[in-house]
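In what follows, a structure is listed as structure tokens, so that the remarks can point back to it.
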Amino acid sequence: MKEGYYEEDSDFMPYYLLQKELKQKVISYNDIKGEVRYIAGADVAYNDATKKMVGALVVLDANTLQVVEQQVHEMEVTFPYVPGLFSFREVPPLVEAFKKLQTKPDLIICDAHGMAHPNGMGMATHLGLELDIPTIGCAKSWLVGIYDKSLLGLERGATQPMMWDSKIVGVALRTQDNVKPLFVSVGHRVDLQTAIDWVLKMSPSYRQPETTRQADHLVNSVMKERMEIDFMGDEAVEEPI
DNA sequence: GCGACAG
DNA sequence: ATCTTGTCGC
């Protein structure tokens with residue numbers, strides 16, 4: 001962890017220390033066994049009213065990009081949103097959703113950072129370690145890392161390395177011409193170039209990879225269903241008079 | 001010159 | 001993340 005990111009007396013210190021321990025186990029070289037046939041997207045949605053969250057994993061065929069299987073898991077929100085400790089909030093429901101999958105993915109693309117994180121332990125990395133599955137961090141917005149915005153080309157495929165703590169921790173990647181870049185980094189058991197290649201391959205027509213889009217749609221629809229059910233439940237008890 | 005804080 | 005209308009472009 002680069003100094004100056006969190007208070008030494010933070011209540012969350014135990015979690016930062018746990019990240020430092022976990023970081024020792026991260027594999028940042030290509031450790032994908034065999035051919036990548038299935039790639040999953042992961043996402044989580046929240047409901048402030050009920051304090052519930054829904055995590056989803058959607059498995060796509062790596063070549064056709066068609067959905068092969070999808071699983072969700074709903075549970076109570078157990079950890080607050082703290083930049084840098086995001087994984088402690090979202091990994092639990094994703095691990096549960098993963099357990100339900102019949103088709104285990106060869107790779108998971110997360111809607112969050114991997115090593116491009118103050119402690120080198122973003123959600124993608126944490127999830128990868130937890131599941132022992134190769135993961136890629138693919139976030140929509142910047143968290144850490146210095147890069148030269150003026151050197152980032154406007155065309156799809158353009159990249160600029162992001163430096164943090166004197167190391168390249170990821171890249172700003174343009175997945176479509178003239179769109180805001182995505183921030184790609186190693187999660188676990190993949191190298192940066194492999195991560196970039198897969199994100200591009202999974203993003204043929206939109207800014208976000210198809211994996212993330214599918215997972216996003218799923219959690220939103222499930223969340224909407226849940227809210228309607230809750231609403232009907234309230235009506236049912238109010239109505240009889 | 002300063003600063004950027006995932007979802 | 002989530003809350004939300006109109007609006008720009010293919």
Side-chain angles (χ1 to χ4, degrees), chain A residues 1-7 10 12 15-16 19 41-57 72-94 97 108-128 135-150 152 160 162-165 169-173 176-188 195 199 204-209 211-213 215-228 230:
Chain A
M1 163 83 76
K2 202 174 172 186
E3 294 305 322
Y5 202 89
Y6 60 87
E7 305 297 326
S10 164
F12 298 110
Y15 297 97
Y16 291 117
Q19 289 185 328
D43 197 18
V44 178
Y46 302 87
N47 183 321
D48 283 327
T50 62
K51 301 297 180 194
K52 292 281 185 65
M53 58 182 168
V54 172
L57 236 40
V72 299
H73 185 80
E74 179 177 24
M75 64 187 286
E76 203 81 25
V77 173
T78 57
F79 204 92
Y81 169 64
V82 181
L85 298 179
F86 192 50
S87 65
F88 294 100
R89 185 174 165 88
E90 296 209 343
V91 164
L94 293 176
I108 299 175
I109 296 179
C110 300
D111 183 21
H113 289 98
M115 295 181 74
H117 168 280
N119 225 350
M121 275 297 301
M123 193 274 267
T125 304
H126 199 149
L127 183 66
T135 56
I136 291 171
C138 183
K140 295 184 294 296
S141 57
W142 181 91
L143 178 59
V144 298
I146 296 171
Y147 70 101
D148 195 330
K149 212 171 177 177
S150 70
L152 179 61
Q160 263 310 297
M162 300 195 293
M163 303 297 291
W164 182 248
D165 207 12
V169 294
V171 300
L173 166 70
Q176 297 296 328
D177 294 348
N178 297 79
V179 299
K180 289 193 298 181
L182 249 32
F183 301 90
V184 178
S185 59
V186 169
H188 182 48
V199 169
S205 15
Y206 298 95
R207 182 169 89 114
Q208 295 231 71
T211 39
T212 301
R213 301 185 71 241
D216 200 70
H217 288 160
L218 181 57
V219 290
N220 284 322
S221 62
V222 170
M223 203 76 252
K224 188 178 177 183
E225 279 178 24
R226 290 287 183 278
M227 290 181 76
E228 283 166 3
D230 292 344

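Note that this is a predicted model, so its numbers are computed, not measured. Lettering follows sequence order; numbering is per chain, from 1.
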Practice task
Indicate whether OP1 or OP2 belonging to B:dG7 is found under 4.0 Å from a side-chain N or O atom of A:S141.
Solution key: yes
Handout entry: Under-4.0 Å side-chain N/O to phosphate OP1/OP2 contact, A:K140 with C:dA1
Key = yes
Mind calculating the distance between [atom1] ([X]) and [atom2] ([N]) to the nearest angstrom?
X      : N     : atom1 : atom2 : answer
A:M223 : C:dC3 : CE    : C1'   : 15 Å
A:R89  : B:dG7 : CZ    : P     : 12 Å
A:H126 : B:dG7 : NE2   : P     : 18 Å
A:Y147 : B:dC5 : OH    : P     : 11 Å
A:D48  : C:dT4 : CG    : P     : 12 Å
A:R226 : C:dT2 : CZ    : C1'   : 18 Å
A:W142 : B:dG7 : CH2   : P     : 13 Å
A:D148 : B:dG3 : CG    : C1'   : 15 Å

Exercise for the section: Check whether any side-chain heavy atom of A:H126 sits under 4.5 Å from a side-chain heavy atom of A:T135, and report yes or no. Expected result: no
Pick base, sugar-phosphate or nothing for [X], based on heavy-atom distances below 4.0 Å to the nucleic acid.
X      : value
A:F86  : base
A:G137 : nothing
A:L182 : nothing

Problem - is_close_aromatic(A:F88, A:F12), centroid dist under 6.0 Å - result: no
Practice task
Consider the side chain of A:N220, meaning its heavy atoms from C-beta on, and name the nucleotide among B:dC5, B:dG7, C:dT2 that approaches it most closely.
Solution key: C:dT2
Fill in the blank from the handout: Testing C:dT2, B:dC5, B:dG7 for proximity to the side chain of A:A45, the answer is C:dT2
Exercise for the section: Describe, in one word, how the ring planes of A:H113 and A:F183 are oriented to each other, choosing from parallel (under 30°), tilted (30 to 60°) and perpendicular (over 60°). Expected result: tilted
Exercise for the section: From the options A:Q208, A:E90, A:M123, select the one residue that forms a side-chain contact (heavy atoms from CB on, under 4.5 Å) with A:D111. Expected result: A:Q208
Practice task
State the CH2-NZ distance between A:W142 and A:K149, to the nearest 0.5 angstrom.
Solution key: 11.0 Å
